[in-house]
Amino acid sequence: MPELPEVETMRRSLLTHVVGSTVVNVDVRERRLRRPLDANLERLLCGRTFTAIDRRGKYLLFELDDGQTLLVHLGMSGHLAVKPAAAGTLAHDHVRIELSSGTALVFNDPRRFGLLRLGTILELDELRNVGCDPLLDHWPLETWRDMTRDRRLPIKNFLMDQKLIAGIGNIYANEMLYEAGIRPRRRASRLRLSELRRLSKAMRKVLREAVRLGGSSISDYRDADGRPGYFQIHHTVYDRADQPCRRCATIIRRIVLSGRSTFYCPKCQK
DNA sequence: CGCACCCCCTGCCGGC
DNA sequence: TGCCGGCAGGGGGTGC
């Protein structure tokens with residue numbers, strides 16, 4: 001589910017519910033996530049007050065009043081929701097963080113590829129591999145050129161490498177390459193400067209627009225208030241194999257890159 | 001060392 | 001109707 005726009009939408013929808021609230025109880029039902037939940041998560045979280053929620057790539061950082069950070073990654077199927085503390089528990093509700101406001105912040109994740117981890121910024125080594133953020137950071141064309149210079153991998157894989165650029169996943173990589181008119185299999189090192197410029201613009205345009213619309217609503221995506229995203233009606237290539245290109249009516253192709261479904265218009269993308 | 005591949009896990013969908 | 005294979009928005013480890 002979550003790429004940068006969904007994570008950012010989630011962050012914004014959580015702010016008013018969470019920031020300023022104090023943790024009164026933590027209820028863990030499943031510790032086996034991407035990595036086992038910290039043994040003392042409950043003890044360390046109780047009594048703490050959330051001071052801010054930040055985002056880096058696809059990671060959410062819940063800042064606490066003791067200088068620690070609760071790091072959350074939603075993986076493929078993770079959700080966060082704020083509910084009345086009295087609300088019933090659903091299947092795959094793994095962690096419930098009860099707040100002083102009478103609500104609970106609930107982490108639900110059927111596939112358990114998500115992550116919750118408590119620590120200081122320096123201790124959270126996951127963050128060491130998080131690259132530039134497409135919306136928080138801005139980098140010049142020369143940086144694009146330097147980053148791609150010796151990389152022979154497909155440009156789509158380049159875009160999805162979180163160590164380089166953080167936050168782009170499979171849907172938006174496909175969408176921004178369509179927007180830029182570049183085929184996903186092109187080797188990063190072979191892109192011309194003019195193409196990198198188009199890609200840079202397309203990246204920010206696609207992500208900003210998706211954030212503006214509240215993220216993608218593929219499957220059952222919801223923000224913390226249960227609102228769906230509206231990006232899916234704007235998908236131009238993702239999951240549109242064998243359907244006509246919205247621009248030129250050429251049939252959209254599906255290929256597989258590094259095991260991930262990849263879609264492009266053979267006429268609009270070169 | 002860059003990169004492709006496989007795995008982690010559950011749910012859902014289409015085909016038989 | 002039910003079972004089974006394939007696929008799904010992510011990331012990390014392995015091995016070539």
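Every heavy atom of this structure was used, including side-chain atoms; hydrogens, water molecules and symmetry mates were not. Just so it is clear: chains get the letters A, B, ... in the order the sequence lines come, proteins before strands, and each one is counted from 1.
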Pairwise P distance, C:dG6 and B:dC6 [rounded to whole Å]: 13 Å

Is there a donor-acceptor contact under 3.5 Å from the side chain of A:His94 to the main chain of A:Asp109? yes

Is there a donor-acceptor pair closer than 3.5 Å between any side-chain N or O of A:Arg183 and the backbone N or O of A:Gln269? yes

Here the distance between atom P of C:dG10 and atom CZ of A:Arg260, to the nearest Å, is 5 Å

Grouping I, L, V, M, F, W and Y whenever their side-chain heavy atoms are under 4.5 Å apart, do A:Leu141 and A:Leu135 come out in a common cluster? yes

B:dC8 pyrimidine/purine six-ring stacking with A:Phe113, under 5.5 Å and 30°: yes

What is the minimum heavy-atom distance between A:Ser189 and A:Arg149, and which atoms define it? CB-O, 3.1 Å

Please measure how far the P atom in C:dC7 lies from the corresponding atom in B:dC5, and state the result in whole Å. 14 Å

Counting only heavy atoms not in A:Arg190 (residues, nucleotides, ligands), do more than 12 fall under 6.0 Å from its CZ? no

Phosphate contact (B:dC9 OP1 or OP2) by A:His92 side-chain N/O below 4.0 Å: no

If you only use heavy atoms from C-beta on, which nucleotide in C:dA8, C:dG12, C:dG10 is closest to the side chain of A:Arg34? C:dG12

Short side-chain N/O contact to C:dG11 OP1/OP2 from A:Gln162, under 4.0 Å: yes

When we call it a touch if two heavy atoms are under 4.0 Å apart, what does A:Gly169 touch: a base, just sugar-phosphate, or nothing? sugar-phosphate

Donor-acceptor pair under 3.5 Å, A:Arg111 side chain vs B:dC9 base: yes

Tell me whether the side-chain N/O atoms of A:His73 come closer than 4.0 Å to OP1 or OP2 in C:dG11. yes

Base-pair string, DNA chain C, Watson-Crick plus G-U, cut-off 3.5 Å on both distances, | for inter-strand, is .|||||||.|||||||

Please check this pair: side chain of A:Arg11 against backbone of A:Leu60, looking for a donor-acceptor N/O pair closer than 3.5 Å. no

Contacting residues from residues 147-159 of chain A, given that a heavy atom lies under 4.0 angstrom of DNA chain C: none

Of B:dT10, C:dG9, C:dG12, the nucleotide closest to the side chain of A:Asn170 is C:dG9

Which nucleotide, C:dA8, B:dT10, C:dG11, lies nearest any side-chain atom of A:Arg254? C:dA8

